Amino acid sequence: MNLDDPIILVVDDDYRMQEALSSLVEAMGFRVATFGSASEFLNTEAPDSPACLILDLELPDIDGLELQQELADRGSPPVIFVTGHGDIPSSVRAMKAGAVEFLSKPFGEQELQSAIETAVAMDRFARQKRSELTELQSRYSLLTPREQEVLPFVVEGFLNKQTAADLGTSEVTIRVHRGQIMRKMGAGSLAELVRMADKLGVTPRTPGG
Amino acid sequence: MKPADEQLRAIIETIPALVWSAGPDGSAEFFNRRWLDYTGLSYDEARDWGWAKVIHPEDLSRLVGYYRSMLASGDPSEIEARLRRFDGEYRWFLFRAGPLCDTAGKAVKWYGTNIDIDDRKRAEESAQRSELSFRRIVETIPALVWCASPDGELTYVNQRILDYTGASLGDLARAGWVSFLHPDDVQQTVTMWMRAVDSGNPHDVQYRLRKHDGTYRWFHVLGQAMVDAAGRVSQWYGLLIDIDDRKHIEEALRRTEARLSRATQIATVGELAASIAHEINQPLGAVVTNAYACLRWLSSGSTNLDKAREAAERIVRDGKETGEVVGRIRALFKRTPVQHVMLDLNGLIVEVVRLLGAESSKRRVAMETELQRNLQSVLGDRVQIQQLVLNLLMNGLDAMDSVTDRTKRIVIRSQQNNATTALVEIEDSGTGLADCEKIFEPFFTTKEHGMGMGLTICRSIAEGHNGKLWATPNKTFGTTFRFTLPLHTNELTGLQRS
């Protein structure tokens with residue numbers, strides 16, 4: 001097993017459902033981990049793999065929907081809800097809160113598999129985005145305070161002369177800073193640097209500001 | 001002889017009786033002074049048949065007839081008749097006469113006395129009148145009246161009983177009345193009556209008595225023994241009161257109540273539909289999921305027979321459990337005739353709590369049980385007791401719907417209450433009740449969509465089991481409902497024992 005292989009997290013208080021889901025998900029070729037309650041799940045360290053959560057809506061210690069809210073705040077994997085009740089109001093709320101799928105017991109394996117695949121794909125994408133951002137943030141942290149100060153001027157398309165005037169320094173100094181920024185950020189072009197700054201949420205400077 | 005004559009005359013004139021004599025043909029020859037003084041007649045007026053004019057006209061022909069038959073037979077005899085006093089008032093006298101016979105046995109003279117029996121006669125008449133009036137009461141009051149001897153033998157029944165049954169006292173006596181009872185009531189009635197006769201305790205029983213037209217009506221029968229100074233029963237007096245109409249109304253009421261109970265039972269099923277679906281979906285979901293897993297483990301590419309077998313075994317296990325769940329729920333709402341059997345009260349509570357598990361977790365209520373271990377079995381109808389526990393728990397859940405500032409909790413306790421009863425407590429931490437008695441009244445409800453029959457039916461179930469159901473407010477929050485049920489004893493009860 002590879003760390004990049006997805007892991008499916010099953011949270012259900014019914015041991016029968018835990019066993020069944022765990023066997024089916026394993027037969028589908030996924031790794032699986034089961035939890036009997038919300039707290040048991042929350043007390044376990046999140047796996048560093050693409051994952052998805054199959055969550056019973058009626059957990060004894062915490063409401064599945066409340067758990068989903070808590071997980072969303074932590075950036076946890078996408079959620080597939082299963083329920084023995086299947087009442088419409090909770091399903092609407094769950095979908096609005098970003099659940100991938102809402103399955104009523106008993107559900108079909110195709111429904112489950114496609115839900116899992118969708119969820120895992122979403123998580124892969126989210127994880128990739130997160131790792132990209134992490135990479136950019138670590139590159140950004142290499143910039144000196146002065147270089148971080150210069151970056152907004154560069155991405156806004158200021159000429160070195162204008163930037164130098166604004167920051168009260170020489171045009172040569174700005175040109176050196178700019179070269180360092182491009183190198184440290186690993187940007188091949190100004191356009192690429194602009195996209196990076198955008199992802200990092202760097203606010204462009206307005207001229208004369 | 002003269003002095004003897006004198007003495008006889010003195011006696012005849014002195015004895016407190018009217019004395020007379022007559023010839024063999026009956027014509028009077030002699031009256032003593034008392035006779036003449038009483039009637040106010042002179043001897044001449046009275047002699048021969050003259051005395052007949054002071055006999056009460058109503059009595060005359062009877063007296064004359066009697067007199068003639070006495071003369072014809074020559075036997076002494078007596079008769080009662082009214083004789084007019086000098087002042088015109090008639091008084092009752094006892095007329096006695098006897099013949100003086102010659103050697104051939106022929107009557108040659110008649111001697112008679114008239115003794116004043118008016119006071120006794122009047123007392124007798126008044127007693128007769130009073131008896132007549134009592135008899136009239138007994139025959140007229142709208143009830144069936146009977147008397148029986150100390151050994152239980154029927155001695156009298158009033159006309160109403162004869163009219164009702166179309167039988168005679170002879171038909172009813174010597175236990176003949178038993179054949180007029182409804183066959184289903186014979187054993188109990190006879191047993192109860194024998195017991196009353198043995199003990200002298202009041203007899204109180206209800207039975208159906210056959211009318212002359214073959215129909216049966218319900219009667220409430222009361223018997224009371226009259227006891228003499230020595231404490232012995234001297235007579236039984238009894239009454240049959242027609243309660244047939246009341247019985248039918250009671251019956252109709254019970255049927256209505258049973259239908260209502262059924263209706264609320266169905267309403268409860270409705271309320272619990274989601275819980276029931278969940279209860280079934282849970283193992284069913286596992287079955288379906290395991291089946292998919294099993295197929296996957298059997299398919300080429302990922303074949304794993306051990307895993308497939310495990311999944312199949314789980315299918316069997318969970319499938320059976322689904323069946324059990326369905327069976328339990330069906331038993332819970334099955335319409336069966338009421339049958340009091342030996343019940344494991346704790347087991348029953350656990351089943352109901354399990355059924356409500358999903359409902360309570362949905363409402364975020366913690367349901368806890370504190371059941372006395374080895375609690376003796378109770379005697380009751382399974383479906384009704386389940387209904388009772390279920391209704392009380394649902395009530396508890398409802399009572400906590402609006403609670404937000406404290407833990408929502410229901411505790412169910414069971415324990416032996418005393419030598420003969422078990423006690424169940426259902427304590428909630430809900431909003432509490434304003435009136436712990438009013439809630440048991442029909443159509444009283446605190447719920448928006450409540451029918452107000454739930455607790456009424458609960459109480460009638462408890463009372464139908466010779467138990468009680470009541471509510472008390474808790475010290476802090478909420479209410480505790482308690483009910484008692486009779487413990488099941490090995491002894492047979494009541495009649496079967498005797």
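Quick note on labels: first sequence line is chain A, next is B, and so on, each numbered from 1. The structure presented is a predicted model; accordingly, all values stated were derived computationally and were not measured.
Side-chain contact between Arg296(B) and Leu24(A) is present, with at least one heavy-atom pair separated by less than 4.5 Å. Thr289(B) places a side-chain heavy atom less than 4.5 Å from the side chain of Phe107(A). For the pair Pro106(A) and Asn281(B), the minimum side-chain heavy-atom distance is below 4.5 Å. At least one side-chain heavy atom of Gln282(B) sits less than 4.5 Å from a side-chain heavy atom of Asp12(A).
With respect to Ser23(A), the side-chain hydrogen bond (donor to acceptor under 3.5 Å, both in side chains) criterion is satisfied by exactly one of Arg314(B), Glu310(B), Lys307(B): Arg314(B).
Residue Gln18(A): no heavy atom, backbone or side chain, is found under 4.5 Å from chain B.
Taking 4.0 Å as the cut-off between side-chain N and carboxylate O, Glu321(B) and Arg16(A) count as a salt-bridged pair.
Legend: salt bridge (charged side-chain N to carboxylate O under 4.0 Å, His left out) pairs involving residues 400-410 of chain B, not counting sequence neighbours, sorted by first then second residue: Arg363(B)-Asp401(B), Glu368(B)-Arg409(B).
Between the CD atom in Gln113(A) and the OH atom in Tyr292(B) there is a gap of 11.5 Å [rounded to 0.5 Å].
Atom CZ of Phe125(A) has 12 or fewer neighbouring heavy atoms from other residues, nucleotides or ligands inside a 6.0 Å radius. Heavy atoms of other residues, nucleotides or ligands lying less than 6.0 angstrom from CZ of Arg309(B) number 12 at most.
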